[in-house]
Asker: 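Pasting in a structure now, in structure tokens, and then I'll have a few things to ask.
Quick note on labels: first sequence line is chain A, next is B, and so on, each numbered from 1.
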Amino acid sequence: MQSLKSVRGTRDIAPAEALKYRHVVDVAREVSLLYGFEEIATPIFEFSEVFKRTLGETSDIVSKEMYNFRDRGGEELTLRPEYTAGIARAFMSGGIPNALPLKLFASGPMFRYERPQKGRLRQFHQIDIEILGVSSFKADVELLALGAQILRELGITKQVRLEINSLGDVESRNRYRNELVSYFRDHSSFLSEDSLVRLERNPLRILDSKDESDKKIVANAPLMSQSLNDESTAFFDSVLGGLDDLKIDYHRNERLVRGLDYYNHTAFEFVTDALGAQGALIAGGRYDRLIETMGGPATAGIGWAGGVERLSMLANDPPVSERPIAVIPVSDKECAIATRVSHDLRQAGRVVEYAFRGNLSRRLKRANRLNARVAVVIGPDELKREMVMLRDLDSGSQTEATLDALIEKLTFYR
RNA sequence: GCGGGUGUAGCUCAGUUGGUUAGAGCACCAGAUUGUGGAUCUGGGGGCCGUGGGUUCAAAUCCCAUCACUCGCCCCA
């Protein structure tokens, strides 16, 4: 055994944290249901080809971050690094309905071989939203409204802003890319080492470089908005107009780009400054060419993913759960009846903490620590009269109840 | 993959110029209270001082390596 530590970039989720994660996912699910989304799940691993073809061979995810492995049957498989490609595959292979439009919610673990940092893990969790088959800007607006509402219901409003940009259609994007490459080639002697690599592989990435020298060059670089053709401009204006109508604040950011090849038109991120270098809480965009690229019918698509770990670091605490009832036998002689009382209460849907050991004092102490509302004390004196003691753990006052009336009486301590 | 910081009890941290058996608070267990929690007092269990090597009469302390975490770069949720 190598060690008893968890693998780098993975972590154990303790109860308190598990509650927060679940809260984030629950809120996202509930709000997406309000918008008419349906929940699905897809496998945690896929054929490697699914990600290689869709994300682009030159993307960082494919070139150095995927967990690839070969199974006993010799298949080349990959632990999913993101949700969209797998969902697109499920759509084409008939695993999910293909009656368009489709509005889907999903959540689960993702895997990327990266250097861990705050808010960045090798196994992390995402919530994911996709709309397939709607080429109208209305899908963009609804998707963004959904993201904004989830953030609001999680209590993440002040620390977050929506940044949005348009990459345009294929024609616009290619035109802009050419302009950008020729501009940066002219100024390549001032570019950082990283950006010289980007110039060959993904020139749009230079736009959001943090290198000071790069920033000076970028400041005078041609703007994406000026390369958009009429259709692309009109589309983006419609999206922004839709956001205005719903009073959703946004910041138009010409430098916002997306790393993955399949994006076109709308690209956006809900970002925060509260988490250090990992600013993106929710990010996504439109991917109208993706499914066609994978060999399916031309199908418009748009989606986003949100990082559960990142969101839970900023989200409100989840609502407090129901306080338990402590069932406490005074001595071993009452254990059998205490077990039965606990069972009956649980059958009736109550949360019951049945202390396994310790004397009365210890058991009350434990009940108190677990925030129990009331203790059912079962002792020989009361049992002689077929009664049990109810102790209100907030006030300290005690009353007696018959075993028959116990469930009824305890409804006052809800 | 690259650079900076930090690793001592379950948690938060002390630990002097290297010097006896490594400490505190919180938490946990137990007693004061053999049928009554929260408060208080008393006691107890807990440590390969991240790991491995080196220097030294002597290392938690100095040196090297390594691992993990952390902050940034890259990239992204």
Asker: How is A:E269 classified with respect to the nucleic acid when contacts are heavy atoms under 4.0 Å: base, sugar-phosphate, or nothing?
Answerer: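 Nothing: the residue A:E269, judged by heavy atoms under 4.0 Å, touches no strand.
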Asker: Nearest-Å distance, CZ (A:R115) to C1' (B:C71)?
Answerer: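 After rounding, the gap between these two atoms is 10 Å.
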Asker: B:C28, OP1 or OP2 - any side-chain N/O from A:R369 closer than 4.0 Å?
Answerer: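 Yes, A:R369 has a side-chain N/O under 4.0 Å of OP1/OP2 on B:C28.
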Asker: Checking all strands, does A:N371 fall into the base, sugar-phosphate, or nothing category for heavy-atom contacts under 4.0 angstrom?
Answerer: nothing
Asker: Give A:G279 one of three labels, base, sugar-phosphate or nothing, depending on what nucleic acid heavy atoms sit under 4.0 Å from its own.
Answerer: nothing
Asker: Which nucleotide, if any, forms a Watson-Crick or G-U wobble pair with B:G46, using both distances under 3.5 Å?
Answerer: none
Asker: Can you tell me the base-pairing partner of B:C69? Count Watson-Crick or G-U wobble geometry only, both distances below 3.5 Å, and say none if there is no partner.
Answerer: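 Base-paired to B:G5.
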Asker: Do the side-chain N or O atoms of A:R8 get closer than 4.0 angstrom to the phosphate oxygens (OP1, OP2) of B:C69?
Answerer: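 So the side-chain polar atoms of A:R8 do come within 4.0 Å of the phosphate oxygens OP1 or OP2 of B:C69, strictly under.
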Asker: Contact class for A:R363 (heavy atom, under 4.0 Å): base, sugar-phosphate, or nothing?
Answerer: nothing
Asker: Counting only Watson-Crick or G-U wobble pairs whose two distances fall under 3.5 Å, which nucleotide matches B:A14?
Answerer: none
Asker: For A:F47, is the CZ atom crowded, meaning more than 12 foreign heavy atoms sit under 6.0 Å from it?
Answerer: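 No, because the 6.0 Å sphere around CZ of A:F47 holds 12 heavy atoms or fewer from other groups.
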Asker: Quick check for you: among B:A77, B:G37, B:U70, whose closest atom lies nearest to any side-chain atom of A:K118?
Answerer: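 From the listed options, B:U70 comes nearest.
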